[in-house]
Number of protein chains: 2
Amino acid sequence: MSVNKTKKADIVTVAKAARVSASTVSRYFNHPELLKPATRKKIDSAVRRTGYIRNRAAQTIHGIRSGTIGVLIPTLDHAIFAEVVQAFSETVEAQGFTILLASHGYDLQREYAILRKFLEHRVDGVVLTGLDHDEAVFQLLDSQDIPCVLMWNYAAQSRFPAIGADNELAGQMIAAHVLALGHRRIACMFPPTFGNDRALARRDVVLDTLQGAGVEVPDHWMLQTVYSISESKRDAQQLLSQANPPTALICGNDILATGALYGAKASGLSVPEDVSIVGIGDFKGSSDIEPALTTVRLPAKRIGQEAGKELAMAIVDPSARGGASLHCAPELITRQSSAAPAR
Amino acid sequence: MSVNKTKKADIVTVAKAARVSASTVSRYFNHPELLKPATRKKIDSAVRRTGYIRNRAAQTIHGIRSGTIGVLIPTLDHAIFAEVVQAFSETVEAQGFTILLASHGYDLQREYAILRKFLEHRVDGVVLTGLDHDEAVFQLLDSQDIPCVLMWNYAAQSRFPAIGADNELAGQMIAAHVLALGHRRIACMFPPTFGNDRALARRDVVLDTLQGAGVEVPDHWMLQTVYSISESKRDAQQLLSQANPPTALICGNDILATGALYGAKASGLSVPEDVSIVGIGDFKGSSDIEPALTTVRLPAKRIGQEAGKELAMAIVDPSARGGASLHCAPELITRQSSAAPAR
DNA sequence: TCGAATTATGAAAACATTTGCAAAACTATT
DNA sequence: AATAGTTTTGCAAATGTTTTCATAATTCGA
């Protein structure tokens with residue numbers, strides 16, 4: 001329908017329209033202070049008339065930054081990652097970057113393939129989620145020299161700067177909380193840990209902490225439940241309706257805990273009187289659910305922002321490379337879903 | 001740390017290493033069937049040795065597709081958009097596209113600016129969220145000739161192909177449901193509608209439907225509540241603890257409804273005996289909350305997939321342009337949170 | 001074993017920019 | 001009014017590819 005100006009306007013179209021050379025138009029965009037005002041005005045009008053839009057691809061092959069950052073996450077379907085990405089993207093957008101986003105669904109092979117694609121697009125930097133990645137991914141990153149940060153998880157030493165929360169600490173905190181309340185008959189519900197170092201770290205440290213206090217979790221109280229409210233509701237219901245149920249249930253994340261809360265209710269148990277239920281994460285609804293969920297806050301928004309700041313900085317000023325890791329500390333949030341066991 | 005091979009490998013580096021010409025290397029990637037196996041093998045090894053990664057920017061300036069799609073949403077913080085984006089991205093990734101993602105936070109000015117940036121990156125196509133956009137946005141899209149689809153919302157006629165659910169229909173369905181149960185004392189809770197055509201459409205049609213049945217919603221039962229469980233919990237609590245409260249509360253989305261459910265409980269009311277509460281959306285947790293939420297399902301995943309299919313198709317085969325809109329029908333999901341009013 | 005037909009490869013132009021260098025156009029100074 | 005100095009602009013080369021056209025290498029039939 002629209003009048004197709006035969007060809008898309010390029011820089012020489014604009015140059016002709018403004019009766020200047022292409023170089024001058026280029027300077028108009030990149031070093032406007034070098035032009036005299038009259039020329040600037042001419043070009044301004046020519047740009048408007050021709051509908052010219054700069055071509056970053058053409059700039060990029062001159063070694064100029066592409067203005068893109070590759071963001072690689074497991075999935076957006078977990079609200080918590082969506083939140084991190086949102087915060088990250090807002091932060092780097094403010095600095096003029098646009099993000100390339102892709103999710104690997106916990107498939108390490110795909111992660112590598114996606115990273116390659118990002119590099120083909122000549123992203124200026126890359127964010128990966130979590131600390132554990134295929135060795136090939138790290139090597140690829142090493143061989144290119146673009147900055148990379150590992151977001152979400154934190155550890156003292158890591159292959160690239162890590163910005164996130166210490167998941168082991170989070171697990172330890174919640175386990176310690178449950179123990180401190182006096183629970184000894186404790187069940188756990190964790191997501192499948194394959195390809196998911198965060199979940200794995202949390203689970204192991206919870207178990208260790210309990211064990212350290214002399215509490216063994218029997219196998220049939222060690223639930224593995226996929227990330228889904230309905231699944232966790234079902235599993236919790238089944239667990240809690242057995243004879244002699246646990247007095248506390250530690251969930252690997254708040255989604256599982258939310259489902260467990262529903263499951264407890266469906267089993268006719270009250271929380272926290274009959275059973276304490278705790279999560280990890282402090283997701284959006286966790287403070288408002290009834291009863292409000294005791295959990296460990298992982299500061300998603302802050303993590304996204306800090307990662308964005310750090311990466312943008314590393315890109316803009318590559319001299320200050322080797323950026324530092326940053327721990328966004330988890331925090332125990334005690335609410336109504338946990339209490340001392342009835343005796 | 002890593003041994004920096006002085007310069008990044010480009011196609012001529014590879015060519016030299018393989019003792020062939022640059023053209024041959026180019027063909028190796030784009031028309032491998034033209035090379036004889038021996039040459040292919042030589043280049044294969046040279047690519048590996050040099051660590052060469054193709055430069056899409058350089059291809060793009062030849063008019064070759066960039067392999068990117070710009071996705072423009074209000075925010076990822078609403079789980080429902082995250083879900084749509086995830087489905088969309090999976091669908092187009094399978095076709096080799098990578099997405100550029102940005103959010104405008106309901107700011108029309110920013111939407112325009114982001115679109116321009118997408119175009120500078122020479123995206124092969126664009127997805128916008130919702131039907132309403134600044135006229136400048138539409139004009140810009142018209143002037144470029146890349147395909148665009150409007151995702152999430154549906155209307156019979158729209159500026160570009162629309163793939164989504166009819167929000168007016170959804171609003172009408174939920175209002176009709178509440179009326180059919182016999183309610184007449186009905187309150188509404190909707191998000192701020194500024195810059196948000198979806199919310200606006202829903203609200204207006206709900207009101208119209210109620211009015212059509214002779215039900216007026218008094219001003220003080222017309223709540224405007226930001227998208228947040230805690231806010232809606234508070235507002236609902238306040239509403240429901242007044243003397244002579246409504247027997248039903250229609251919420252503009254499931255997040256508000258979830259908060260309202262908590263608010264009702266906190267006010268000591270039972271749902272649905274004392275008050276029916278319904279939402280729109282059928283978000284992830286809505287079926288599992290206690291009581292399970294009556295709502296109208298907006299098929300986010302399907303919308304994302306269909307939009308992805310349509311856009312990828314329009315890009316790959318531009319002859320079949322002028323793609324059609326597609327209605328992904330909303331569906332009333334009756335669960336426990338709604339019932340006939342007690343009398 | 002030769003020439004024709006076919007297949008594989010290379011040289012060079014094209015793509016949309018940026019940039020170093022040099023020329024042109026101004027200003028200021030005398 | 002001429003010169004020196006400064007500011008503004010244009011030319012041409014460069015960037016990393018793809019592609020057209022031409023040439024070189026191979027295959028095949030006689």
Side-chain angles (χ1 to χ4, degrees), chain A residues 5-44 46-47 50-68 117 119-124 144, chain B residues 5-44 46-47 50-68 116-117 119-124 144 146:
Chain A
K5 290 290 184 197
T6 47
K7 270 276 143 237
K8 284 269 187 52
D10 69 1
I11 209 174
V12 338
T13 316
V14 177
K16 280 193 186 120
R19 317 185 153 282
V20 297
S21 74
S23 343
T24 306
V25 178
S26 172
R27 275 187 279 259
Y28 166 81
F29 287 110
N30 300 303
H31 313 281
E33 74 284 0
L34 294 181
L35 300 196
K36 68 185 199 194
T39 321
R40 236 176 295 171
K41 208 156 293 171
K42 275 195 297 184
I43 298 180
D44 200 65
V47 167
T50 54
Y52 170 68
I53 292 185
R54 301 175 74 183
N55 186 337
R56 288 204 89 127
Q59 307 182 246
T60 300
I61 65 172
H62 284 270
I64 289 167
R65 289 204 306 265
S66 67
T68 57
K117 210 181 276 172
L119 294 173
E120 290 185 1
H121 285 292
R122 293 299 187 264
V123 293
D124 298 329
Q144 309 305 108
Chain B
K5 290 287 183 197
T6 46
K7 269 276 144 233
K8 282 272 189 46
D10 68 1
I11 209 175
V12 336
T13 316
V14 177
K16 277 191 187 125
R19 317 185 153 283
V20 298
S21 75
S23 341
T24 305
V25 178
S26 173
R27 272 188 281 260
Y28 167 81
F29 287 110
N30 300 304
H31 313 282
E33 74 284 359
L34 294 181
L35 299 195
K36 71 184 197 195
T39 321
R40 234 176 296 169
K41 208 156 293 169
K42 275 196 297 185
I43 298 180
D44 200 67
V47 167
T50 54
Y52 170 68
I53 292 185
R54 302 175 74 183
N55 186 335
R56 289 205 88 127
Q59 308 181 244
T60 300
I61 65 173
H62 283 268
I64 289 168
R65 291 203 305 266
S66 69
T68 57
R116 277 199 80 94
K117 211 180 277 176
L119 294 173
E120 291 185 0
H121 284 291
R122 294 299 187 264
V123 292
D124 298 328
Q144 308 304 109
I146 59 170

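All figures in this text were calculated on a predicted structure; none of them were measured in a lab. No hydrogens, no waters, no symmetry mates; every other heavy atom, side chains included, goes into these values. Per chain, numbering begins at 1; letters A, B, ... match sequence-line order.
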Measuring to OP1 and OP2 of [N], would you say a side-chain N or O of [X] lies under 4.0 angstrom away?
X	N	answer
A:Thr60	D:dT15	no
A:Arg19	D:dT9	no
A:Ser21	D:dT9	no
B:His62	D:dG16	no
A:Gln59	C:dT18	yes

Tell me which one of A:Val25, A:Val47, A:Asn30, A:Ile11 satisfies side chain to side chain contact (heavy atoms under 4.5 Å, CB included) with A:Arg54.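 Single side chain to side chain contact (heavy atoms under 4.5 Å, CB included) partner of A:Arg54 among A:Val25, A:Val47, A:Asn30, A:Ile11: A:Asn30.
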Between A:Tyr52 and A:Tyr28, is the ring centroid distance below 6.0 Å?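 When the ring centroids of A:Tyr52 and A:Tyr28 are compared, they turn out to be at least 6.0 Å apart.
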Round to the nearest Å and state the distance from [X] atom [atom1] to [N] atom [atom2].
X	N	atom1	atom2	value
B:His121	C:dT17	NE2	C1'	15 Å
B:Arg56	C:dC15	CZ	P	21 Å
B:Arg27	D:dT17	CZ	C1'	13 Å
A:Arg65	C:dT18	CZ	C1'	15 Å
B:Leu35	C:dT9	CG	C1'	9 Å
B:His31	D:dT18	NE2	P	8 Å
B:Asp10	D:dA14	CG	C1'	12 Å
B:Phe29	D:dT19	CZ	C1'	17 Å

Counting only side-chain heavy atoms from C-beta out, which of [options] sits nearest to [X]?
X	options	answer
A:Ile61	D:dT15, D:dG10, C:dT17	D:dT15
A:Asn55	D:dT9, D:dT17, C:dT17	C:dT17
B:Thr39	D:dT18, C:dT17, C:dA8	C:dA8
A:Ile64	C:dT9, C:dT19, D:dT18	C:dT19

Any donor-acceptor pair, under 3.5 Å, between the side chain of A:Ser23 and the base of D:dC11, if you only look at N and O atoms?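 Looking at the base of D:dC11, it does pair with a donor or acceptor on the side chain of A:Ser23 (distance under 3.5 Å).
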Residues B:Ser23 and B:Ser26: side-chain donor-acceptor under 3.5 angstrom: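 Absent: no donor and acceptor within the cut-off.
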Could you state the interatomic distance from [atom1] ([X]) to [atom2] ([Y]), rounded to the nearest 0.5 Å?
X	Y	atom1	atom2	value
B:Thr39	B:Asp44	OG1	CG	12.0 Å
A:Gln144	B:Lys8	CD	NZ	5.0 Å
A:Gln59	A:Ile61	CD	CD1	10.5 Å

Given DNA chain C, 5'-ward residue of the pair A:Ser26 and A:Lys36, judged by closest heavy atom: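 It is A:Ser26, whose closest nucleotide lies nearer the 5' terminus.
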Residue mapping more 5' on DNA chain C - nearest nucleotide basis, A:Ala58 or B:Pro37: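 Result of the comparison: B:Pro37.
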Does A:Tyr28 reach a base, just sugar-phosphate, or nothing at all? Heavy atoms under 4.0 Å.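 The residue A:Tyr28 makes no contact with any strand.
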